[in-house]
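Worksheet for the structure shown next.
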Amino acid sequence: MRSVCVYCGSNAGSRPAYAERAAQLGARLAREGLALVYGGGNVGLMGIVADAALAAGGEVVGVIPEQLAGWEVAHRGVTRLEVVASMHERKARMFDLSDAFVALPGGFGTLDEMFEMLTWRQLGLGDKPCAFLDVDDFYDPLIAMMDRMVAERFLHAEQRRDLWHGDDIDALFAWMRAYRPVHADKWLDEKRRKELR
């Protein structure tokens, strides 16, 4: 593992704990010798995680669409800033640059990016670890929804277990370094799969 992609809010959220956790993660990545790959912004938790990694001597690669760079939210102090044409290109580029994916608290964009990575993994397009680093139980309702997806047979239990969720940074790094992907078929029922053909 050489680099970790962090998805997080372009806002800082309502609690100081969100910013504190983002700063802890950024600094820890630098101390671990891992490059931070992120959305290239200088605002919200995005700016905080990048600044913390830089302050600790880490490498930071930002990937930002032209439109957002034009709105002057691009972080010009990162190690390398890549400006791409679209959000789709941004996600593909971040995937190529990263060996693991971690979501801190955020909004629609954070969930969109992480769920696309989970979907790619489910379809066999990638096998990189995905984790939700929680703060004050922010992600508990989302994780409960995933458990419901399993209970209602929309998601394999193995694929749900393949996703890490917790608030302990030490446990997160240990899990990422020891990660071995689960290979479960997307389809829960072979008979139904044949019917769809």
Should Tyr179 and Trp164 be counted in the same cluster of Ile, Leu, Val, Met, Phe, Trp and Tyr side chains packed under 4.5 Å apart?
yes

Does the Asp168 side chain pair with the main chain of Asp170, one donor and one acceptor, at a distance under 3.5 Å?
yes

Non-hydrogen atoms of Ile48 and Ala22 that approach each other most closely
CG2-CB, 3.9 Å

Smallest separation among heavy atoms of Gly57 and Ala30, with atom names
C-CB, 4.4 Å

Nearest 0.5 Å, please: how far is CD in Glu113 from CE in Met87?
5.5 Å

Check for me whether the distance between the ring centres of Phe95 and Trp120 falls short of 6.0 Å.
yes

How about Asp51 and His75: does a side-chain donor come under 3.5 Å of a side-chain acceptor?
yes

Please tell me if the side chains of Asp167 and Asp137 come closer than 4.5 Å, counting only heavy atoms from C-beta onward.
no

Transitive ILVMFWY side-chain link Met117 to Leu172, under 4.5 Å
no

Approximate separation, where rounding is to 0.5 Å, of Met46 CE and Thr110 OG1:
8.0 Å

Main-chain N/O of Gly39 paired to Arg90 side chain as donor or acceptor, under 3.5 Å:
yes

Can you label the angle between the Tyr18 ring and the Phe138 ring as parallel, tilted or perpendicular, going by 30° and 60°?
perpendicular

Which value, rounded to the nearest 0.5 Å, describes the distance between Met176 atom CE and Lys128 atom NZ?
13.5 Å

Rounded to the nearest 0.5 Å, how far does CG of Asp147 lie from CZ of Arg160?
4.5 Å

Could you check whether any side-chain heavy atom of Leu29 comes within less than 4.5 Å of a side-chain heavy atom of Phe173, counting everything from C-beta outward?
yes

Residues Arg28, Leu34; criterion side-chain contact (heavy atoms from CB on, under 4.5 Å); working and verdict
CA-CA 9 Å; Arg28 178 64 177 269; Leu34 297 168; over 6 Å; no

Salt bridge or not between Glu89 and Lys91? Use side-chain N to carboxylate O under 4.0 Å.
no

Take Glu59 and Arg80 through the side-chain contact (heavy atoms from CB on, under 4.5 Å) test and state the conclusion after the steps.
CA-CA 8 Å; Glu59 178 184 358; Arg80 186 169 84 247; 4.2 Å; yes

Any side-chain heavy-atom pair from Leu81 and Arg76 closer than 4.5 angstrom?
yes

Could you check if a side-chain atom of Asp140 sits within less than 4.5 angstrom of a side-chain atom of Asp134, using non-hydrogen atoms only?
yes

Please report the shortest heavy-atom distance between Val49 and Cys8, naming the atom on each side.
CG1-SG, 4.2 Å

Verify same cluster id: Leu133, Val4 (apolar side-chain graph, 4.5 Å)
yes

Of the non-hydrogen atoms in Ser98 and Ser3, which two are nearest, and what is the gap between them?
CA-OG, 3.3 Å

Any side-chain heavy-atom pair from Leu97 and Glu82 closer than 4.5 angstrom?
yes

Spacing of Ile169 atom CD1 and Glu32 atom CD [to the nearest 0.5 Å]
10.5 Å

Please work out whether the ring planes of Tyr7 and Phe101 are parallel, tilted or perpendicular, with thresholds of 30° and 60°.
parallel

Is it true that a side-chain atom of Tyr139 and a backbone atom of Leu104 form a donor plus acceptor pair closer than 3.5 Å?
yes

What is the minimum heavy-atom distance between Asp162 and Trp175, and which atoms define it?
O-CZ2, 3.4 Å

So Val37 and Val60, side-chain contact (heavy atoms from CB on, under 4.5 Å) or not? Walk me through it.
CA-CA 6 Å; Val37 177; Val60 177; over 6 Å; no

Are side-chain heavy atoms of Tyr38 and Leu36 found at a separation under 4.5 Å?
yes

When clusters are formed by joining ILVMFWY residues with side-chain heavy atoms under 4.5 Å apart, either directly or through shared neighbours, do Leu142 and Val102 land in the same one?
no

What closest approach, in Å, do Ala23 and Ala52 show between heavy atoms, and which atom pair accounts for it?
O-CB, 3.3 Å

Close side-chain approach of Met146 to Leu163, heavy-atom, < 4.5 Å
yes

Inspect the surroundings of CZ in Arg177 and state if more than 12 heavy atoms from other residues, nucleotides or ligands are less than 6.0 Å away.
yes

Same apolar cluster (I L V M F W Y, side chains within < 4.5 Å links), Met114/Leu25
no

Side-chain contact test, heavy atoms from C-beta onward, threshold under 4.5 Å: evaluate it for Thr79 versus Leu54 and give yes or no.
yes

Residues Ile64, Val84; criterion side-chain contact (heavy atoms from CB on, under 4.5 Å); working and verdict:
CA-CA 6 Å; Ile64 192 166; Val84 296; over 6 Å; no

To the nearest 0.5 Å, how far apart are SG in Cys130 and CD in Gln122?
11.5 Å

Could you please spell out the steps behind the salt bridge (Lys or Arg N to Asp or Glu O under 4.0 Å) verdict for Arg21 and Asp136?
CA-CA 10 Å; Arg21 181 58 50 84; Asp136 293 341; over 6 Å; no

